[in-house]
Colleague: 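Below is a structure I'd like to ask you about.
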Amino acid sequence: MSSIRLSGLHNGRDGARYHPSSRLLAAANTALLLNTPLLLAGEPGCGKTDFAWYAARALAAAQGHPDPESVLPLACYIRSDMRARDLLYQYDALARFADAQHPPRGQVDRAQDARHYITLQPLGLGLMSQVQRVVLIDEIDKAPRDLPNDLLREMDQGQFTIPEIPERVEAEVHDPKDAAVVLQREMHRDDARTRPMVIVTSNAERQLPDAFLRRCVFFHIPFPDERALELILRERFERPRSPANLPLIHDSIAVAKALRSPGLRLIKPPGTAEIIGFVAALLAPGRDDDWEDSLPLARLAVLARAEQALPWSKLPALHCLVKLKEDLDTLERLGAKV
Amino acid sequence: MPISVEQLTEFLHCVDREVLRLGTREHVTAGRILADAQEQQLSLETLGDSLASALATDRDEWQVIRRCFDRSVTREPAPPAPRRWPRLAQRALLVLLCANGLVLALRTGMPVQKTDAGAEVTDLGTAATGPDLGPRDLLRPPRCTLQPLDATTADKKSHANEVRPPLVTLPRKNQAWLGAAVFLLSFLGLLLVRLWTHLHARIRAQFEALRAEKSEREARLADQAQQGQRELEALELEALNTGQAILPFYRIELHPPVAFEILEDCATLLGRAFAGERGTELDVDATLTMTVRAGGQVQPVFVPHKTVRPLLCLCEDTETRPYLPAFLNLLERWQRLGVHLRILRFERHPTTVREPSGRGRPQAIFDLLRKHEGASLLIYASRLTLRSRERDLEWPRALRQFPVRVWLDPDPRLPEERGYEEQAELDILGPQLPRFPLTAEGMLALCRHIAAPAEAVRVPAWSPPPPLADPAMARWVDVWLALGAQVPDASMEQLEAVRQKLLGDHLPDPRSIARLIERLRQMLGTAFQPSRLAVELVEAERFRLLAFLLKEEPVLFRRGFELLLESLGTPTPSEKPTLQYYAWRQRRLWYQGGLHLQQGAKLLSELDGTPMHAAAQGAKETLQALRSSEPPSGPEERLAEKARPTSLTWKEARIPALLAQSAAGAAVLCLILCGGVWLLPQWSWLATVLRAPWPIRVEVMVDRPEDERVVCQNRTNDPVPPPTEEVVKAPVPRPPPRGPAAVEVALRPRSATADAGLAPSLRDAGEAQTAGMPSDATVARLDGSGDITPPAPTRLEKGELRPRMVRIPAGMSTMGTEKSADGLRQSPFELSETEVTQAQYLAVVGKNPSYFGNRSDWQTLPVETVSWFDAIRYCNMLSVLEGLDACYLINGKEVAWWQNQNCRGYRLPTQTEWEYAARAGQKTRYAGSDSILEFAWYAGNSKNRTQPVKQKQGNAWHLYDLSGNVWEWVWDTWAETPTTPNRAHMDPLYRSMLHPTILYRALRGGSWKSDPERVEVASQGRDLPDSGYDDVGIRLARSSP
């Protein structure tokens, strides 16, 4: 039974502290306990991918890593033409062919052995790693429909086959990325404790096969509430001893909240990432003149808090928050009435 | 929290029913999660989240499963079967009986007695005798026939002998009809009864479900509250155990206890402490000389190599702890100035020493000697005891091996005053360890000794600060202690910081803290332990001290409070009751009310119905915010952590009693906060802080006799009393009753009066009136605040604190030169007649920063060398002193309005206001006239200094020195052209958020140094808000209510 649990605060992808909700942590710990993938859903920009970085670091910290913040997850970014094999290993047939034609000096029979042309990919590396790692499979909904199903066996049993390697081979060849891994036809590790923690993110929940879904621990990351949002923004924009940016952060939250209100009916309301970008844009030094024809944020925030209509086109750096032409038009129309 | 098998089964069934079919796999999963949760002792919340995440495949499922979990876990045992309603059964039985009885009666042709109660039966009987007797008539209610039955039996008994003919006889056919009808009737009745019971059971079930849901919700809330409470306690405990993290926000900066120049001198001297070593380079001349002298045999002489001698500081940290923070601060400064230092600490005697952090193995003094050969040794201790085990007493021998060794003694007592034993120790140690006092001279002598040990440096005379028996000393120590009692974290370093900040003039000796400890010993007796590092006063003591302070030194009291406010100046997060808001309020309660977080949570929840769990969450957040906000860094801060107050006493028992009282007094909530008295003058401020929507009453009842109880009503909610009619005695016709209007008439600019064509005599009369008019009393009453000002300290006359205020009438203002003169509507406001003088500033702030502060006529000179922040602070403090609401919210370098510009307290004028007042409706170059000489002090006539205020002529509204003498800060930020109000100009807060660094504040009016052009009304200066020069001063403004 695994006694390792993720806890505490660790850095996310951009080096700022990631604040996971207790529910998210419970889900992640369950995944860790059950040795099943953790499927994260949620709006774009709510910190799904970031969580993998957090998890990698928290896991390293729980394992007693001396410098957990330097640990990175093994990340696979799904492309639409990927096959399950591409997540496990890569076989460079072209290089082998080239070597067979023009053998490199001193290694005449290099091309004889297929293992020289095999590189383990993140999932394969994670499965074979000596310590438990975090593997991120990002945006799995982009993958072909078969891919998740193809991965089931590997993830369930923690082993995979590399058919390119013949059954009988001499001497050991190690993986170029992780020297501790010996390449062979049947790749497996008996130790279930080092099975990687797989984090799968998806933007569209319903497009995944049922069998896959039932083997995952599922969690939907909600849009952070005001408090969590403030925590996130302060983490990034507030220097430890000077709360100088605090009013701006509060105002930004108020405005973003107004933008997200269902009454506006935006097609793509701003997510966490957009709000962070917005605050960053406002805080960028020397940009005062860019927003010559806009109103001060503090004033708009007062309107937003009072739940009144805002002249949206006067909002500085609106383009950081709203990304669609339709949404901009909507705001323009609403703002014109004010 | 364990979950029973039944509950788990119930949960799984619920999921199975409502979400998805569960297979073996899911059951195994759930079992594993449960086992893990029990092993790790996870909370129910976490367990629910885990199960939901493991079983769900999308968001909706997740939520349904989570609800299932909540329901099955908090499910109550099945309610007992609903009891039957006996009344119903009875009724049904009755109906049956009636029907049967009737049928029987009719069949047998039994005589029916006519009674009063059986009127209907008689009717029935008579109706039945009629020819057209039908079943419809018999449908008359059978329910009332029991009584006749009873009656008949009773009658049968009582009139047994009477013989009567049968009243009714029915034909056989009709009897059958009737029987069928009655049967049908009773059947229908039964059905009805059945329906009624069924409906009733349904309603009852619904009601039960509702109640169950409610109790479930309550249980969940209680569970959450309990959990929050537990987490809170765990957090606090953890923080206490690890000695880490909860740093109060309230921190005053601590400085080294000696002046900076002396510090620098010392550092220079210490930097010169060289040790000569044999170098590697040959001194050719000397070698030759020596060789020749030695008769040809080579005698190499090497150039001595100079190395900086490191300074080894050994600090005793038990008894001397009160002095230690300041000294460590001093060492840190030296380190920053480049002195090569190594700091270690020891207890009692320096046999073994440790790292200041407390980590690492203790080292023996001999090892230290080997490691730092040639170092100078500085021992910082009030006493070096020689009473110990034999082998521990070798340290004096070890000391002798250090080439230079000194002893810095922070104890102010004379050697003669010390105990016999200590004197003996001093006699033994004295010859080999020169001892220096912790004063400026002492430090300098000590450093000189280290730098040049060969020169016999004279140890300065031992001069302790006056003893506690000295009444002046005793008084200032008490004041100090009282100020310290306002500080929630009354650690020694905070007390020392308070001394440096507020009492530097009265208790200049850094060793005064010894007197403070003496005083505490007197006061608390054995309860006082200096090793605790913080002074913990019980409530009564604290109360007594604060009352004393309020009476004796109101100005210092306010300053202490101001200091507290300043360092507490966290901005309000939002008005809405979010957790963060609760957290913020709790923080306030924690500091200002001296309430511990839990108590704060409790009080909040009792005061405004904040759910307990939310309050606890808020407190938790506060704790977390506190923990994450300031990671400890320097040795000073690490010391401060341990000095955290553990708990402050709060009379919890009083709250319920007070609340009971409040229920009687309808919507009057009583708030009792530690001392109570200290809150009174700041009452309005407290109302602002708590933003209480209800009227609050503060009752001071702690340990006070009945007649001394003070009750103070929440002033902000009271209607403002109408201005009293205070008519000015003047030989003019009685002005209209409204005061402000009268003043407006009187203060109308001279030109305007002239335009109106008034006779000169009238004009003179008007002037006379104006001169007598804006006396303080009148203005105070006219603005309506005179009556409701809380009792101001009696020792302070208002006139001493600020110049007189003159009411400026409404009108159209013009800005800048004539070309761009555009009208802006200016509402009436008040502006001070002169600039704030040095005496006034001193009375409020307690110090006089002025460059010309040592002139004989300094009292009437305008205050200068004040920064914009100083000016803002002066305004706030003045407002507080006069019982008005402070206008500005100060948070470090951020200044904002508490509410808006129309606040009640004092503030700086805006540019527009200033210029409007300076022009006074005229178009002169200088304020009042076109000729500079009679109206302004400037470079040409000021004799190179500031001049007493009100020497030159005033302008039309009797405002003096607007042009010249000193520049005057205004609120606005500086802009190229003050005539065009751009965004940043209008909204300084916005600008300061974007460019916090390049924010200039504007200055108006020119100064004694200025050329005539700069003194003009339209001219404008600028400066950084935190710099003050010898020609920049303050003029006050106040919004008219």
Side-chain angles (χ1 to χ4, degrees), chain A residues 1-3 5 9 17 22-31 33-34 36 38-39 41-42 205-206 208 210 212-220 222 225-227 230-231 240-248 250-251 253-254 282-288 292 294-299 305, chain B residues 20 23 25-26 28-29 32-33 35-37 39-40 42-43 45-59 61-63 66 569-576 578-580 583 621 625 628-631 891-894 896 983-984 986-987 989-997:
Chain A
M1 184 138 297
S2 163
S3 61
R5 298 188 72 83
L9 288 182
R17 291 249 179 247
S22 60
R23 301 204 138 152
L24 176 55
L25 268 187
N29 282 325
T30 312
L33 170 77
L34 302 173
T36 49
L38 172 65
L39 173 60
E205 294 161 22
R206 262 291 162 216
L208 296 170
D210 233 24
F212 180 77
L213 282 177
R214 291 192 85 162
R215 276 178 179 77
C216 287
V217 169
F218 170 85
F219 190 77
H220 179 274
D225 61 349
E226 260 176 71
R227 206 186 87 205
E230 194 201 322
L231 214 60
R241 273 158 206 258
S242 74
N245 298 333
L246 206 54
L248 184 93
H250 287 303
D251 294 347
I253 291 174
L282 284 190
L283 284 175
R287 304 289 303 278
D288 197 11
E292 203 49 61
S294 50
L295 285 174
L297 182 65
R299 195 153 300 163
R305 285 201 189 95
Chain B
L20 72 169
R25 183 194 170 84
E26 281 79 14
V28 171
T29 306
R32 281 184 69 184
I33 291 174
D36 181 62
E39 190 182 311
Q40 310 257 353
L42 299 183
S43 65
E45 285 286 308
T46 320
L47 177 61
D49 293 342
S50 299
L51 283 170
S53 301
L55 297 177
T57 60
D58 69 10
R59 192 168 157 193
E61 281 183 17
W62 196 95
Q63 274 158 6
R66 192 70 184 74
T570 45
T572 322
S574 70
E575 293 300 309
K576 291 203 180 129
T578 55
L579 279 185
Q580 202 198 354
E621 205 181 33
S628 57
S629 62
E630 290 191 21
N891 175 24
K893 299 268 167 197
E894 287 273 340
R983 190 182 60 218
M986 298 296 284
D987 200 345
L989 186 66
Y990 178 75
R991 198 180 165 86
S992 70
M993 274 189 307
L994 288 174
H995 299 293
T997 47

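Sequence lines set the chain letters: A, B, ... in the order given, protein chains first and strands last, and positions in each chain run from 1. All heavy atoms count here, side chains included; hydrogens, waters and symmetry mates do not.
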Colleague: Can you see which heavy atom on B:S50 is nearest to which on A:A26, and at what distance?
Modeller: OG-O, 3.6 Å
Colleague: With a 4.5 angstrom heavy-atom cut-off, is it the side chain or the backbone of A:R17 that approaches chain B, or both, or neither?
Modeller: neither
Colleague: Between OG1 of A:T30 and CG of B:D36, what distance do you get to the nearest 0.5 Å?
Modeller: 8.0 Å
Colleague: Of all heavy-atom pairs between A:L33 and B:I33, which one has the smallest distance, and what is that distance?
Modeller: CD2-CA, 3.8 Å
Colleague: What residue, out of A:L34, A:L9, A:N29, has the most heavy-atom pairs lying under 4.5 Å from chain B?
Modeller: A:L34
Colleague: Determine whether a donor-acceptor pair (N or O, by modelled atom type, separation under 3.5 Å) exists between the side chain of A:R214 and the backbone of B:T57.
Modeller: no
Colleague: Test side chain to side chain contact (heavy atoms under 4.5 Å, CB included) on B:E61 and A:L213 and set out the steps.
Modeller: CA-CA 12 Å; B:E61 281 183 17; A:L213 282 177; over 6 Å; no
Colleague: Between B:E45 and A:R23, is any pair of side-chain heavy atoms under 4.5 Å apart?
Modeller: yes
Colleague: Compute the ring centroids of A:F218 and B:W62, then answer whether they are less than 6.0 Å apart.
Modeller: no
